[in-house]
Enquirer: 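Have a look at this one before I ask anything.
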Amino acid sequence: MRVDKLLAHVGYGSRKDVKQLLKKGLFTVNGEVVKSAKAHVDPETDDLAFGGEPILYREHLYVMMHKPAGVLSATEDVSERTVVDLLEEEDRLFQPFPVGRLDKDTTGLLLLTNDGKWAHGITSPARKIPKTYEVLTAEPVTDEMADQLQQGVTLDDGYETRPAGVAFPDESRSRLYLTIDEGKYHQVKRMLAAVGNHVDGLKRIRIGGLPLDESLEAGTYRELTEKEIEAFQNGQ
Ligand code: URA
């Protein structure tokens, strides 16, 4: 990897800034001063330091966010706030993107990473990773509606959904946990519409074996643990 790219990535400024810094002779690779922005280093094996301080380089970032309502699942937008805008500057340097999408008004578990392969392993339809949503409905969900959702329903464009998991966390019948292993556009809202109901509130609470960390307030996030990252790599 080019030295200027690496230093910009770990937060030493733009590539132009980094070029100036390099000229000062503060950057060393395996103890040798390197002044050229074009020099190549291997961050895995080379010993990198700046001003005598070791540079801890890593390529990837993996975070779990409790997405709040009112922000877009996108990396940037001309007029609206995005989930990436909610990240600290030091995390934005990794250029993460959301793994799949939640609607602007949907809250809950959203993963962000800059590891495209890992993200694909989660969003790929072939992997059929289950996602669980807490759904607040306008009308109580009848047994008939629950049966239909469990068997699969026909969406407004004719698409037949795969069987879904349905559970009721309380007696109200206006709150259900719906688990689907596919991700069509507005799928949950359209599934509830297909059975004659309406979604008043939607929160994703689980992806595969990973539940939303309830200690995260809406709008906050944390890095995933090694174990959580690996669980998806191993085909959870
Ligand atoms: N289904 C929806 O309708 N919206 C979401 O944000 C996620 C799933």
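Order of appearance sets the numbers: ligands from 1, and atoms from 1 within every ligand. Computed over heavy atoms, backbone and side chain alike; hydrogens, waters and symmetry mates excluded. Predicted model only: the values in this text are computed from it and were never measured. Numbers here simply count residues along the sequence, with the first being 1.
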Enquirer: Validate the cation-pi geometry between Arg190 and Tyr185: distance from NZ or CZ to the six-membered ring centre under 6.0 Å, angle to the ring axis within 45°.
Expert: no
Enquirer: Give the residues near ligand 1 by chain and number, with the criterion being a heavy-atom distance under 4.0 Å.
Expert: Leu102, Asp103, Thr106, Tyr133, His186, Gln187, Val188, Lys189, Leu202
Enquirer: Would you call the rings of Tyr12 and Phe50 parallel, tilted or perpendicular if under 30° counts as parallel and over 60° as perpendicular?
Expert: tilted
Enquirer: Could you check Asp156, Asp103, Thr106 and say which one makes a side-chain hydrogen bond (donor to acceptor under 3.5 Å, both in side chains) with His186?
Expert: Asp103
Enquirer: Knowing that exactly one of Asn114, Thr113, Asp115 qualifies, which makes a side-chain hydrogen bond (donor to acceptor under 3.5 Å, both in side chains) with Tyr62?
Expert: Asp115
Enquirer: So, do Arg206 and Pro211 sit near enough that their side-chain heavy atoms are less than 4.5 Å apart?
Expert: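 Heavy-atom side-chain distance check passes, below 4.5 Å.
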Enquirer: Enter the distance from Thr220:OG1 to Leu87:CG here, rounded to the nearest 0.5 Å.
Expert: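 Atom-to-atom, Thr220:OG1 and Leu87:CG are 11.0 Å apart.
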